[in-house]
Amino acid sequence: GREMLGEQSVVLRGYALPDAAALLAGVDAVTQQAPFRNMVTPGGYTMSVALTNCGRYGWTTDAHGYRYSRNDPLSGQPWPDMPAAFDDLARRAAAEAGFPGFAPDACLVNRYEPGSRLSLHQDKDERDYGWPIVSVSLGMPAVFLFGGHERADKSQRVPLLHGDVVVWGGVDRLRFHGVMPLKDHPHPLLGSRRINFTIRRAG
Ligand code: MD3
Ligand code: FE
């Protein structure tokens, strides 16, 4: 099923289910090289969501700010390669949503545990907002908050379940969004964890 969230953002329910095993193997390969870690925001808060990256560019935060970098600050090494299953899924999903020619170069992988949350924010660190972001949800369900162009705008609450893929682009690309604190509803494959990865063109 396909649900429009905004004019140019679409939920593809269960779109990743046929590839779930390959995607989880990709997450394992990435996290063996670049483990999940809780980063600190410029405001001095430690994020409750743990993250890592793969692809040419990875998103990081520290006391100095948010940015994309070629190397993992933990190891000093380049981020792991983007698994083929991530790249392939993102290109297909973007094309389905009306964004042909998407060539991702970055993937931010988030890990949620019960109580983890992501406060309302915009994704503004990429070079060209003309490209969409493709998000893949695995494991425990989450309530996603889809806001407007101002922080104070009312948000829609959207459940995101194991296997759901969302494509966000065009006029919706800079909308505020976040994730409510996760409830503990253990998932048969992933237990008390949710993995979300967002495939992007950052450079
Ligand atoms: C809407 N992640 O990593 S994915 C993020 O579930 C992030 O981990 C959330 O927000 C998560 O930055 C939500 C969905 C998402 C990603 C990017 C967007 C929604 C978006 C960019 C613009 C509008
Ligand atoms: Fe975001």
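Each ligand, and each atom within it, is numbered from 1 in the order the structure gives.
- Within His177, the N/O/S atom positioned nearest the Fe ion (ligand 2) carries the name NE2.
- Residue-level check: among N/O/S atoms of His121, NE2 sits closest to the Fe ion (ligand 2).
- Using a heavy-atom distance under 4.0 Å as the criterion, the protein contacts of ligand 1 are Leu108, Asn110, Tyr112, Leu118, His121, Asp123, Ile133, Ser135, Phe144, Trp168, Asp172, Arg173, Arg175, His177, Val179, Arg194, Asn196, Thr198, Arg200.
- Counting Ile, Leu, Val, Met, Phe, Trp and Tyr side chains that sit under 4.5 Å apart, directly or through other members, Tyr68 shares a hydrophobic cluster with Leu5, Val11, Met39, Met47, Val49, Leu51, Tyr57, Trp59, Tyr66, Leu108, Tyr112, Leu118, Ile133, Met140, Phe144, Phe146, Val158, Leu160, Val166, Trp168, Val179, Leu182.
- Within 6.0 Å of the CG atom in Asp105, the count of heavy atoms belonging to other residues, nucleotides or ligands exceeds 12.
- Note on Asp123: its N/O/S atom closest to the Fe ion (ligand 2) is OD1.
- Using a cutoff of 4.0 Å between basic side-chain nitrogens and carboxylate oxygens, Arg37 and Asp72 are scored as salt-bridged.
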Using the rule given for side-chain contact (heavy atoms from CB on, under 4.5 Å), can you reason through Thr61 versus Tyr45, listing the C-alpha separation, both sets of side-chain angles and the distance that settles it, and then say yes or no? CA-CA 10 Å; Thr61 173; Tyr45 293 94; over 6 Å; no

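- When each of Arg173, Arg200, Arg175 is paired with Asp123, the salt bridge (charged side-chain N to carboxylate O under 4.0 Å, His left out) condition holds for Arg200 and for no other.
- Counting only distance, with no hydrogens or angles, the side chain of His162 and the backbone of Gly139 share a donor-acceptor pair below 3.5 Å.
- Judged by distance alone, the side chains of Asp184 and Ser192 do bring a donor and an acceptor atom under 3.5 Å apart.
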